[in-house]
Amino acid sequence: MNRLAGRRVEVLLSEEQIKQRVAELGRQVTEDYQGRDLILIGVLKGAATFMVDLARAVDLPLAMDFMAVASYGASTESSGVVRITKDLDASLQGKDVLVVEDIIDTGLTLKYMLEIIGAHDPSSVRICALFDKVKERKADVVVDYTGFTIPDKFVVGYGLDYAEAFRNLPYLGVLLPD
Ligand code: IMP
Ligand code: MG
């Protein structure tokens, strides 16, 4: 149990557990993308932490790009109606895209991202998500590489925030009520 900014955080996955799993995912991606034109695409800001760690665990030449999206509305659950605030820098034509996500919750954000990416005419598109919440999805998305399946609780750390705080925790934790 840790206390951060006055809030209690219960550790769900330790820094070491995450590190080991990211290394495994990196080895899998390295095997699967031999001789391909790999580009990692991350969704800011949550996926940035995982993406830079994953990239260093992949022993292949690769490119990286980021997109940023903002949800319309003030709900804590994504509505699936999103607006692009930072688009991709370059065309994806002929590229083998690996979409890197921090966490899949409803799946709505990812579904929207896949529509945008698909319109760029890439050679292939796969999804790598570090955390996958066990719950009924609102959007049907197939995740190709999953780090951990986790309970349907609000989690913070390793890139994930609560009101922009806690992204820099090296582990994944559950924010406990005060
Ligand atoms: P989805 O569209 O519901 O799948 O939402 C996915 C996005 O919501 C993720 O990329 C995160 O940025 C955010 N998110 C979902 N669950 C959590 C959580 O438990 N903690 C922090 N952010 C979350
Ligand atoms: Mg995200």
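Ligands are counted one by one from 1 in listed order, and the atoms in each one are counted from 1 as well.
Side-chain contact between Thr49 and Asp102 is absent, with no heavy-atom pair separated by less than 4.5 Å. Annotation: side chain of Ile18 is in contact with side chain of Leu130 (closest heavy-atom distance under 4.5 Å).
Ligand 1 lies less than 4.0 angstrom from a heavy atom belonging to Lys133. Residue Leu110 places every heavy atom at 4.0 Å or more from ligand 1. For the ligand labelled ligand 1, residue Lys111 lies outside the 4.0 Å heavy-atom shell. Between Asp102 and ligand 1 there is a heavy-atom distance shorter than 4.0 Å.
When each atom of ligand 1 is checked for a heavy atom of Ile103 under 4.0 Å away, the hits are 6 (C), 9 (C), 10 (O), 11 (C), 14 (N), 15 (C), 16 (N), 23 (C). Listed by number with element, the atoms of ligand 1 under 4.0 Å from a non-hydrogen atom of Lys153 are 19 (O). Close contacts between ligand 1 and Thr106 involve ligand atoms 1 (P), 2 (O), 3 (O), 4 (O) [criterion: under 4.0 Å to a heavy atom]. Applying the 4.0 Å criterion to heavy atoms of Asp161 picks out, from ligand 1, the atoms 21 (C). Those atoms of ligand 1 with a heavy atom of Phe154 less than 4.0 angstrom away are 18 (C), 19 (O), 20 (N), 21 (C).
Under a 4.0 Å N-O distance rule, the pair Asp65/Lys86 qualifies as a salt bridge.
Ranked by closest heavy atom to atom 15 (C) of ligand 1, the top entry among Val155, Val156, Thr109, Asp105 is Asp105.
Ring orientation note: the planes of Tyr33 and Tyr145 are tilted relative to one another, at an angle of 30° to 60°. Between Phe148 and Phe131, the two ring planes are parallel [angle under 30°; tilted spans 30° to 60°].
Cation-pi geometry between Arg7 and Tyr162 is met: under 6.0 angstrom from the ring centre, within 45 degrees of the axis.
The side-chain contact (heavy atoms from CB on, under 4.5 Å) check on Glu15 picks up Lys19, Pro170, with sequence neighbours excluded. Scanning for side-chain contact (heavy atoms from CB on, under 4.5 Å) contacts around Asn168 gives an empty result, with sequence neighbours left out.
On a distance-only criterion, Gly107 and ligand 1 share at least one N/O pair closer than 3.5 Å.
Residue contacts with ligand 1 for Glu101 involve side-chain atoms from C-beta outward but no N, CA, C or O (heavy atoms, distance under 4.0 Å).
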